[in-house]
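The structure follows.
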Amino acid sequence: MDTSKLKPHDPRVKYETKLVRGKTYSYILGEPEGPKVDTIVLVHGWPDLAFGWRHQIPYLMSLGYQVVAPNMLGYAGTDAPEDLKHYSYKSVSDDLAELARHFVGQDGQIVLGGHDWGGAVVWRTAFYHPKLVKAVFSVCTPAAPMTTEYTPLEVIIGAGRLQNFKYQLQLKETFVQDHVTGKDKLRQFFKAIYYGQGPNREVAFNMEHGLIIENLDLIQDPPLLDAAELEYYVEQYSLQKAPELRGPLNWYRTREINAKEEIALGKTNPPRKLEQPALFIAASKDTALPPAMSQGMEAGFKDLTRGEVDATHWALTQAGPEVNELISNWLTKVNS
Ligand SMILES: O=C(NCCCc1ccccc1)N[C@H]1CC[C@H](OCc2c(F)cccc2F)CC1
């Protein structure tokens, strides 16, 4: 079968929606041609879409996997609830579990994969739903230990730690959603996020500041998105009513909610090593999630496989074949 990357509105996959714990989720569904080996659920990050897995979906289908890639809460044809509680790791994990069970039944199992925020989500989902998740992988995002006390990000960054997360101090406020609304601004935003630059190599997004609004209109075509893909991102984000980035940015407003939830859950469900086979793929040039952040994560796993690809944060598209090979080799072990 044709394992080339999905194009926008690609006929090789289906585009469906399901009501999941009161929210409508839209998702890409890819069916294998022959007998199904397993079901894989793929979870994207920010600012991305199910389409962000376009290099992986046809390839995994050709290996015999049924692939379910949701647009996560706040994105594209999925609901963007106002209440931030719906965006917590625990709530999103429970959404993914319910969505997955539509495909594998109450006692079935899935392989679960994530990128970026989706990587953070899949580590927690494997913890909260150990019977459902038979194996779990994350691209770029290392596993963070369960929170035992809440420290505001301002305090952590003010103390000189996690400087690569400085941009999150801007994203959690309303500046970006107030200034990036409407198709033209969204188009410039995606050009900036996917490494487009101005005529004098100006950038309009970096880890230090986040969005640099004064450079936004200078940004030219991005190296990592072709014209049709760029339009698809603009079109899909425009399915949300203005401010279109409110839902996606809500993920950056969950830090206290996640901390409180994990502290409470930790009392009845204490941290333990993940028993499932796990794969972590680092991206050598990811400035938001540098490989060094994964130091020591082995301590949380019984069976962790590590890989690395030579790519930026957008490793799924920039190093598609290399990511696919690492996943495939690991899946062979999982199913052996
Ligand atoms: O903000 C994120 N992605 C946006 C990248 C923007 C970008 C655009 C263009 C080029 C490069 C970058 N990702 C989040 C994902 C969750 C993370 O928080 C939880 C967490 C920890 F704090 C520590 C260890 C693991 C862990 F999961 C915090 C970064």
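In listed order, ligands and their atoms are each counted from 1.
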Are there any N/O pairs under 3.5 Å between ligand 1 and the protein, and if so, what are their distances?
| unit_1 | atom_1 | unit_2 | atom_2 | d |
| --- | --- | --- | --- | --- |
| ligand 1 | 1 (O) | Y167 | OH | 2.6 |
| ligand 1 | 1 (O) | Y252 | OH | 2.6 |
| ligand 1 | 3 (N) | D116 | OD1 | 2.7 |
| ligand 1 | 3 (N) | D116 | OD2 | 3.2 |
| ligand 1 | 3 (N) | Y252 | OH | 3.4 |
| ligand 1 | 13 (N) | D116 | OD1 | 2.7 |

Next item on the list: Verify the ring-centre separation between H179 and F175: is it less than 6.0 angstrom?
Entry: yes

Checklist line | Modelled atom types, side-chain donor and acceptor of T17 and S26, under 3.5 Å | finding: no

Note to self: My understanding is that only residues two or more places apart in sequence, or in another chain, count here; which of them pass side-chain hydrogen bond (donor to acceptor under 3.5 Å, both in side chains) with K134?
What the structure shows: D38, N335

Notebook entry, point to check: Which pairs pass side-chain hydrogen bond (donor to acceptor under 3.5 Å, both in side chains) with one or both residues in residues 236-247, sequence neighbours excluded?
Noted result: T181-E244

Check: Within 45° of the axis and under 6.0 Å from the centre of the six-membered ring of Y128, does NZ or CZ of K90 qualify?
Finding: yes

Note to self: Among residues at least two apart in sequence or on other chains, which ones pass side-chain hydrogen bond (donor to acceptor under 3.5 Å, both in side chains) with E322?
What the structure shows: none

